[in-house]
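Comments concern the structure below.
Each chain gets a letter, A, B and so on, in the order the sequences are listed, and its residues count up from 1.
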Amino acid sequence: MSETNNVMLEVQDLTIRFGGLVAVNAVNFQVQKGSIFGLIGPNGAGKTTLFNMISGVYKPTSGKVLFDGQEIQGKPAYKVNSLGIARTYQNINLFKKMTVLENVMVGCHSRTHCGLFASVLRTPAQRKEEKEVVEKCRDILEFMDLGDKADFLASNLSYGEQRRLEISRALASDPKMILLDEPAAGMNGAEKEELQRTIRKIADKGITVLLVEHDMKLVMNVTHQICVISFGKRIGYGTPEEIQQNPDVIEAYLGGGLDV
Amino acid sequence: MLTLIIGALMQGSVYGLVGMGYGLIYKASGLMSLAQGDMLMIGAFLGMTFYKTLHLPFALSLLLVMVIMFTVGWLLERVLVTSLLAKGAQQVYVILCTIAISMVLQNVAMFAWGSNTMQFPPILNFSINLFGTTVEADRLLVLAVGILFMLLLHFFMQKTRFGTAMRAAAQDETAASALGINVPMTKGVAWGLASMLAGVAGVILGPSYGVYTAMGALIGQKAFAGAVTGGYGNMYGAIVGGLFLGFVEAFCAFYISSLYKDFFAFGILIIVMIFMPNGLFKEQVME
Amino acid sequence: MNQNTVLTQQKGAAFWKKNRLSIIAIAVLCVAAAVMLRTRYLAMILDFICIYTIAVTGLDLLFGYTGQVSFGQAGFYAIGAYTSALLSKNLGVPPILSIFIGALLATVFGVIIAFPASKLVKHFLSLLTIAFGLMVYTFVNSCSALTGGPSGITGIPKVSIFGLELGSYQSYFWLVAILMVLVLITKKNIINSRVGRAFIAVRENPHAAAGMGINVAKYKIMAFAISAFAAGLAGALYAHMIRFISPDTFTKDQSNMFMTMLLFGGIATMSGSVIGAAAITVMTELLQQFAAYQTLIYAVLILIVLFLLPNGTVGLFSKLKAAVRKRGQKRKPGKEGTPQ
């Protein structure tokens, strides 16, 4: 009983087909509240597809996604976000012509309420909300070390900064869980170290982290639990230590990719 | 009744011809041209000039129109559209560009031929008795030429090497160019063919319609409604959709009022877009 | 107390520095308007500029900010004009009320069109809006019983507010100018709000917008509704200004004209829609003697904007400003470049 209450996300027999191709086949896993969970696998294994099903981009063919005990599979992406799941994208998806601050402010969308008429009339409630949003977003930018870049256009940031801005924007919706899709892609060693600290800081705030990543060192260092998928199927599930011993996983990576 | 059906078929095959052009352009370049109707109008004026003013044989006039219209369409794509896209313009700007071109074409026609309706002399100056109804041969010619060009285009796309190359380029540009297909060339040719088809439609329509600067605008829009109804980007869909629209119009004009036929034509377009945006022959239009 | 005045002065100075260009521009415009209002003909041009600015501002929120194209604004313009004209002429509704009913009816149609439109990709959206514009046009042209058909509606009542009749172009100016300013303020408030950010997010990246909790379809529909309201309002104001309407005003050329104005001024800016509406209106009037080639003039303007001024006149100004600033910086090294 108490165990189920500690589960943030549960994926049950999740399957999706595109035409004849089964991209994800009956995958199961559980993510504990407050933990950092890794989702790994060779290229094209279906990790991002899984992410897209959890975050509402794709509707699964069958299976369930339980978030905090509630079924969310097939819900549109914007509803999933307002329920408390925020995400970043593998190929950076920022609002390029908005400033850094505005990007984060968009992230607050599902936690704020003022609509068209309040905005047109600039009601006191709307002004108060705007002020709070700006303050909150500046805090998040400070937290993510982007405070001095607030007024830059998003497209003028460096690659690593853009990745951090994606995380900032996701944090702005006060998520219970954050999905990070290959946040270390294209980062150098120092930036990866920094990212590792950031992920821990996020988890320390009580936000559950679900991480898709290619960089094994990062995953093994930072996660509590790992699920390995290959060709859409789960081939390993356990703590980082267990995964490193798992013969199926080692085979899937041909012994090459797992040296930590 | 027979007159009605022949009228519908005639109108429908014109819509089909022009509509196929929309489909070709969309398939080959993923873009939209709104100048098709005015290409038809220019074709009609050119045909009239060659046939009536210069007294050239009809077949030669038609051929000349085809060559000129192909060049116009090809240049439009190669010169204007390509350079717009090279500047990183959105697709909407290409549409706007073709709108501007259609305005320019109308004005050019007004400069060159004046703004009065002109008489296109009959091509086949006789009538045929068909099941007790007399039908002017020119109306049947529209139908015959329409079907002929649809078949020609079908064979060109399916059986010739160039047609195959065009279809390949439409499916996957990168793969096609890796196979040595000149992709920009296929796009230019598609635009050229589209305006050629419109030009042909203009010439054969001339005798029964009269030639004037605004003649293309409405036909272009109807053809476009037909193309959407059939499934935008599908050439065969454009033909079926065009014929369907021809019938709707003819019967609406006969049984309700000719005043409302345009209203119904565009009403169908909107209803199709709301309830089955993929058209009769499914083409992907949703995000 | 002393400190307070100093603070206010500083604040005032900062405000002046930040907005001096706009303040000078508005002052010049006011003087120009005052001069123009002395002549009936020039007052008419001013009225047109205000009316077009209202329609173009709505289109800018739709196209410039939300990224949804519409080539059918003339349809909403016509709905506003005909609704208000018929209500006030045939049913005796006070024009000042019927104008808003017209705008609201246009909004309703905007929402109806927006439902399918919110799901369509770009060029099919263009198609749908074109079809909508054509359908409205053919309707007003053919439904003679209601709209008077091709000969239109004459004798549309004058607007009067509190017993004050706005019969001349000069007096009408105050109505359209106030409404224009209100529309511009509305636009400014929207784009600096949660709703405006959602609009821009939808334009920039609809997938990411949905991922951030934005109901993309809802905001597309909202943008359509706003633009339809603005176009309907402009149409109704037009009807009571000229006091005669006929289908000729509501062709697709009118839709294209709104688009040309917006592009010429510059999309997604505050001043762009005003500059565009004013410039094109004045140009059309100056070239009145070539009225037969009016569409050619629009066509050439569209091509100029597409090929030479991709960011409109406003874009040209900011480019010039940036160039001037750059030269200034070269002389004063050490000054940090401004972000953006």
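- Heavy atoms of B:Phe111 lying under 4.5 Å from chain C belong exclusively to its side chain.
- To the nearest 0.5 Å, atom CE of residue B:Met103 and atom OG1 of residue C:Thr260 are 6.0 Å apart.
- Both the backbone and the side chain of B:Leu84 come within contact range of chain C, judged by heavy atoms closer than 4.5 Å.
- Residue B:Leu96 touches chain C through both its backbone and its side chain, counting heavy-atom pairs closer than 4.5 Å.
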Between C:Asn141 and B:Phe263, is a side chain to side chain contact (heavy atoms under 4.5 Å, CB included) present by the stated rule, with each step listed? CA-CA 9 Å; C:Asn141 199 28; B:Phe263 181 69; over 6 Å; no
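- Closest approach of C:Ala299 and B:Ala100 over heavy atoms only: CB-O, 3.4 Å.
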Start with the C-alpha distance between B:Gln106 and C:Leu296, add both sets of side-chain angles, then the distance that settles side chain to side chain contact (heavy atoms under 4.5 Å, CB included), and finish with yes or no. CA-CA 8 Å; B:Gln106 282 183 28; C:Leu296 186 65; over 6 Å; no
Review item, side-chain donor-acceptor pairs of residues 221-228 of chain B, under 3.5 Å, at least two apart:
residue: B:Lys222; atom: NZ; partner: B:Glu249; partner atom: OE2; Å: 2.9
residue: B:Lys222; atom: NZ; partner: B:Asp262; partner atom: OD1; Å: 2.9

Go through it in stages, so that I can follow the logic: the residues are C:Ile302 and B:Cys97, the test is side chain to side chain contact (heavy atoms under 4.5 Å, CB included), and I'd like the CA-CA distance, side-chain angles, deciding distance and then a yes or no. CA-CA 7 Å; C:Ile302 293 177; B:Cys97 177; over 6 Å; no
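- Enclosure of atom CH2 in B:Trp113 by more than 12 non-hydrogen atoms of other residues, nucleotides or ligands within 6.0 angstrom is indicated.
- Residue B:Phe251 qualifies as enclosed at atom CZ: its count of foreign heavy atoms under 6.0 Å is above 12.
- Note that the CD1 atom of B:Ile99 and the CZ atom of C:Phe71 stand 4.5 Å from one another [nearest 0.5 Å].
- Enclosure of atom NZ in B:Lys87 by more than 12 non-hydrogen atoms of other residues, nucleotides or ligands within 6.0 angstrom is indicated.
- Ranked by heavy-atom pairs under 4.5 Å with chain B, the list C:Val305, C:Ile113, C:Asn256, C:Val300 is led by C:Asn256.
- Atom CZ of C:Phe109 has 12 or fewer neighbouring heavy atoms from other residues, nucleotides or ligands inside a 6.0 Å radius.
- Looking at C:Phe115, there are no atoms closer than 4.5 Å to chain B (heavy atoms on both sides), in backbone or side chain.
- Proximity to chain C is limited to the side chain of B:Leu34, based on heavy atoms less than 4.5 angstrom apart.
- When heavy atoms are compared at a cutoff of 4.5 Å, C:Leu306 approaches chain B by way of both its backbone and its side chain.
- Using non-hydrogen atoms only and a strict 4.5 Å limit, the part of residues 130-139 of chain C facing chain B consists of C:Ile130, C:Ala131, C:Phe132, C:Leu134, C:Met135, C:Thr138, C:Phe139.
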